[in-house]
Amino acid sequence: MRTSGGKKKLIAAVCSQWLPCPASDCRVNQTNYHSFLIHTTGDAMGEIITRFPPSPTGYLHVGGARTALFNWLYARKTGGTFILRIEDTDLERSTEASVQAIFDGLEWLGIDWDQGPFYQTQRFDLYKEVIAKLLEEGHAYWCTCTPEEIEEMRETARANGEKPKYNGKCRERHLGPTEGAVVRFKVPLAGATAFEDMVKGRISIPNAELDDFIIQRSDGSPTYNLAVAVDDLTMKVNTILRGDDHVNNTPKQILILQAMGETVPTYGHVPMVLGSDKARLSKRHGATSVTEYRDMGILPDAMINYLARLGWSCGDQEFFTREDLIEKFNPDHIGRSPGVFDQEKLLAINHDHIQQKPAEEITEALLPYLEKAGIQVADRDQLVKAVKTLAPRSHTLVEMAENARFYFEGIKEYDPKMAKKAFKPAAVDALLAMKEALAAVDEFTESHLEAPFHAVMEKLEVGFGKVAQPLRLAVSGTGASPGMYEMLEVLGKEETLKRIDDAVAHIRALG
RNA sequence: GUCCCCAUCGUCUAGCCUGGUCCAGGACACCGGCCUUUCACGCCGGCGACAGGGGUUCAAAUCCCCUUGGGGACGCCA
């Protein structure tokens, strides 16, 4: 990893800062935040407290899922606490359906939370309190500039080759609250706000780059940066792993925290997930919602394995079980450069997980996909056996369900290409001979099914292919099937014989 | 435009902090072979990268600078 000097040391230093943190408790109590404090066990002992704070404006996308995963993994690995917080201060765009979609996504991935879900809309009193205090102490001020005026300021700045910003017009006007006024945070004019990022190292942003951003809208609601800072503080979050796109928000949050006289958490900014064209991953690149991958037949464990390895590494290891991930996750090995989401590799990892997991587990996971495919399975044991034969040749559960179909439904159509080759008139003799030989087998299991083939081959003086290919097509309807003996065992004697009859009739009908 | 961040095979990455063991390792994909009753699995092999340029050094993928390229942010969104 491209680690800037002394990163590990710094993380340790920042962590120890949280070991004896009674000070923050005192201050919090003084300002009456106590009613909002989240009670976590042992946070005074330096426990890692992480959080995932989605805004409910859509489904859970893969980038968000990865951030959630990293925070969850870190909390689980260290025996810390993982908090779920719904950032719904945007009353316009937040929806109940999105909240549910996010829950669904997290549940599917097996990411559970210890605290929450907390909703920011239920904490407006707290934010108001903080804003009042900030106002009182001169860290914030009322602003009556209209959106049009502000747009003008931005234009002016742009024309001067500067970053478009609010120009601080109301900063020293000492206005009081009036209808339609907003509250702005007073950002220091000089200096810079810097922090030690867990993944990127030291990041420093000149305060002059920031403008006096709004912390309370004209309708009285708090804005994102204010709410986040207050929440992270009162929830005692001490480790924040989040997307790269938040780097520019970090100084704002730090400034608010410092104005409140509080210590700041440790931040770690994870690079974005990109599409194949290296642009930020979006819908035009394909599926971006984690539940779409569920629908495609990806195993949740494979998904988190893939997501974890996209931007994080543990030497050369590629395959991780869930337990492995928890045991080995280490934020020190989060990479600094953005990564391209590669569905091919996800499929490959999924394939590995399908092969590694016990057939019983895969069978259980397969059930909903069979149902969706309209495939009825009466015998669960038979299904488990079928799964064993299908696992090495399935990349997704959807594919596996489809490949399983021939076991449980009769053959509707023989693959025309194969039929042309294997269903020649001569095949009838082979099929009939096989029927006779198989009918004589008492124990219809894989190990007892080889002998009848050899008997027939000798009798008819033909090679294996001449016997096996017509039979394969007869019982599976296709030229690509699981191994012959295992397949016949799953099918069972009765069904096998019936399908041979059907095939013979089919060939004879062809004339 | 301004600021911030990033830069190893097509892709995910190891190595970089603590320079030499790296004419750069693994995985996906691709190509070839083996195995084989099909399709797969598996195994073996191949292709393929330190963005460019300057330094520093006996020695640089590793440290420094510049250039180029990419990404992000610049909202009464989060």
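Every chain is numbered from 1 and lettered A, B, ... according to where its sequence line falls, protein lines coming before strand lines.
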Open item on the list: Under 4.0 Å, counting only non-hydrogen atoms across every strand here, what does A:Gln355 touch: a base, just sugar-phosphate, or nothing?
Closed with: sugar-phosphate

Open item on the list: Using atom C1' in both nucleotides, what's the gap between B:C66 and B:C30 to the nearest angstrom?
Closed with: 38 Å

- [ ] Specify the closest pair of heavy atoms between A:Trp142 and A:Leu135, including all atoms of both residues, with the distance to one decimal.
- [x] NE1-CD2, 3.6 Å

TODO: Would you kindly give the CZ-to-P distance between A:Arg336 and B:C17, to the nearest whole Å?
DONE: 12 Å

Task: Length of the CD-P vector between A:Glu486 and B:C39, whole Å - done: 15 Å

TODO: Can you tell me, in whole Å, how much space there is between the P of B:U36 and that of B:A24?
DONE: 36 Å

TODO: Give the rounded distance in Å between these two atoms: NE2 of A:His333 and P of B:G26.
DONE: 19 Å

TODO: State the pairing partner of B:G45; accept Watson-Crick or G-U wobble contacts with both distances under 3.5 Å, and report none otherwise.
DONE: B:C31

- [ ] Compare side-chain N and O positions of A:Arg393 against OP1 and OP2 of B:C41 and report whether any pair is under 4.0 Å apart.
- [x] no

TODO: Just call it for A:Gly479: base, sugar-phosphate, or nothing, with non-hydrogen atoms closer than 4.0 Å on any strand.
DONE: base

- [ ] Would you give a per-nucleotide map of nucleotides 66-75 of chain B, 5' to 3', where B means the base has a protein non-hydrogen atom under 4.0 Å away, S means only the sugar-phosphate does, and - means neither?
- [x] -----SBSBS

- [ ] Sticking with atom C1', work out how far B:C16 lies from B:C28, rounded to a whole angstrom.
- [x] 24 Å

Open item on the list: Going by side-chain contact (heavy atoms from CB on, under 4.5 Å), A:Leu488 matches just one of A:Val475, A:Val441, A:Thr445. Which one?
Closed with: A:Val475

Open item on the list: Return the pairing partner of B:G20 with a 3.5 Å limit on both distances, Watson-Crick or G-U wobble; otherwise return none.
Closed with: B:C58

- [ ] Using atom CD1 of A:Ile354 as one end and atom P of B:C41 as the other, report the distance to the nearest whole Å.
- [x] 13 Å

Open item on the list: So A:Gly483, base contact, sugar-phosphate only, or nothing? Heavy-atom distance under 4.0 Å.
Closed with: base

Open item on the list: Strictly by Watson-Crick or wobble contacts shorter than 3.5 Å, is anything paired with B:G69, and which nucleotide is it?
Closed with: B:C6

- [ ] Look at the aromatic rings of A:Tyr485 and A:Phe453 and report parallel, tilted or perpendicular, splitting at 30° and 60°.
- [x] perpendicular

TODO: Have a look at A:Phe52 and tell me which of A:Ile86, A:Leu69, A:Ile83, A:Leu60 forms a side-chain contact (heavy atoms from CB on, under 4.5 Å) with it.
DONE: A:Leu60

Open item on the list: Roughly how many Å apart are B:C50 and B:A60, using the P atom of each and rounding to a whole number?
Closed with: 16 Å

- [ ] Inspect the surroundings of NZ in A:Lys186 and state if more than 12 heavy atoms from other residues, nucleotides or ligands are less than 6.0 Å away.
- [x] yes

TODO: Give a yes or no on this: more than 12 heavy atoms of other residues, nucleotides or ligands lie within 6.0 Å of atom CD of A:Glu436.
DONE: no

Task: Of the listed nucleotides B:C76, B:U11, B:C39, the one nearest the side chain of A:Val340 - done: B:U11

TODO: Would you indicate which nucleotide in B:G26, B:C28, B:C3 comes nearest to any side-chain atom of A:Glu344?
DONE: B:C28

Task: Plane angle bin for A:Tyr414 and A:His506 - parallel if under 30°, tilted between 30 and 60°, otherwise perpendicular - done: tilted

Open item on the list: Under 3.5 Å, is there any donor-acceptor pair linking the side chain of A:Ser218 to the base of B:C76?
Closed with: yes

TODO: Determine the interatomic distance between C1' on B:C35 and the same-named atom on B:A40; round to the nearest Å.
DONE: 12 Å

TODO: Report the base-pairing partner of B:A78 (Watson-Crick or G-U wobble, both distances below 3.5 angstrom), or none.
DONE: none

Task: Span that lies between the C1' atom of B:C3 and that of B:G46, in whole angstrom - done: 47 Å

TODO: For A:Ser476, answer base if it contacts any base atom (sugar-phosphate contacts may also be present), sugar-phosphate if it contacts only those atoms, and nothing otherwise; contact means non-hydrogen atoms under 4.0 Å.
DONE: nothing

TODO: From the options B:U38, B:A7, B:U37, select the nucleotide whose nearest atom is closest to the side chain of A:Tyr485.
DONE: B:U37

Open item on the list: Suppose you measure atom C1' in B:C44 against the same atom in B:C6; what distance do you get, rounded to whole Å?
Closed with: 38 Å

Task: Ring geometry between A:Tyr306 and A:Phe341 (parallel below 30°, tilted from 30 to 60°, perpendicular above 60°) - done: perpendicular

Open item on the list: Without decimals, in angstroms, what is the distance between A:Leu347 CG and B:A27 C1'?
Closed with: 15 Å

- [ ] Under 4.0 Å between any heavy atoms, over every strand shown, what does A:Thr89 touch: base, sugar-phosphate, or nothing? Just pick one.
- [x] sugar-phosphate

TODO: Kindly point out which of B:U13, B:C4, B:C28 is positioned nearest to the side chain of A:Ile203?
DONE: B:C4

TODO: For A:Asp232 and B:A78, give me the distance from atom CG to atom P, rounded to whole Å.
DONE: 15 Å

TODO: Indicate syn or anti for B:C41, taking the glycosidic torsion and treating anything within 90° of 0 as syn.
DONE: syn

- [ ] Confirm from the modelled atom types if A:Lys345 and B:A29 form a donor-acceptor pair under 3.5 Å, side chain to base only.
- [x] no

Open item on the list: Surrounding CD of A:Glu152 (heavy atoms of other residues, nucleotides or ligands, distance under 6.0 Å), is the total greater than 12?
Closed with: no

Task: Proximity to the side chain of A:Arg472 - top-ranked nucleotide from B:A27, B:U38, B:C41 - done: B:U38

Task: Atom-pair distance (CG on A:Asp332; P on B:G15), nearest Å - done: 11 Å

TODO: Measure from the side chain of A:Ala348, starting at C-beta and using heavy atoms only, and say which of B:U13, B:A29, B:A78 lies closest.
DONE: B:A29

- [ ] Show your reasoning for whether side chain to side chain donor-acceptor pair (under 3.5 Å) applies to A:Tyr293 and A:Asn350.
- [x] CA-CA 11 Å; A:Tyr293 288 95; A:Asn350 199 45; over 6 Å; no

Open item on the list: Base, sugar-phosphate or nothing for A:Ser313? Non-hydrogen atoms, less than 4.0 Å.
Closed with: sugar-phosphate

- [ ] Just call it for A:Pro482: base, sugar-phosphate, or nothing, with non-hydrogen atoms closer than 4.0 Å on any strand.
- [x] base

Task: Nearest-Å distance once atom C1' is located in both B:C31 and B:G70 - done: 31 Å

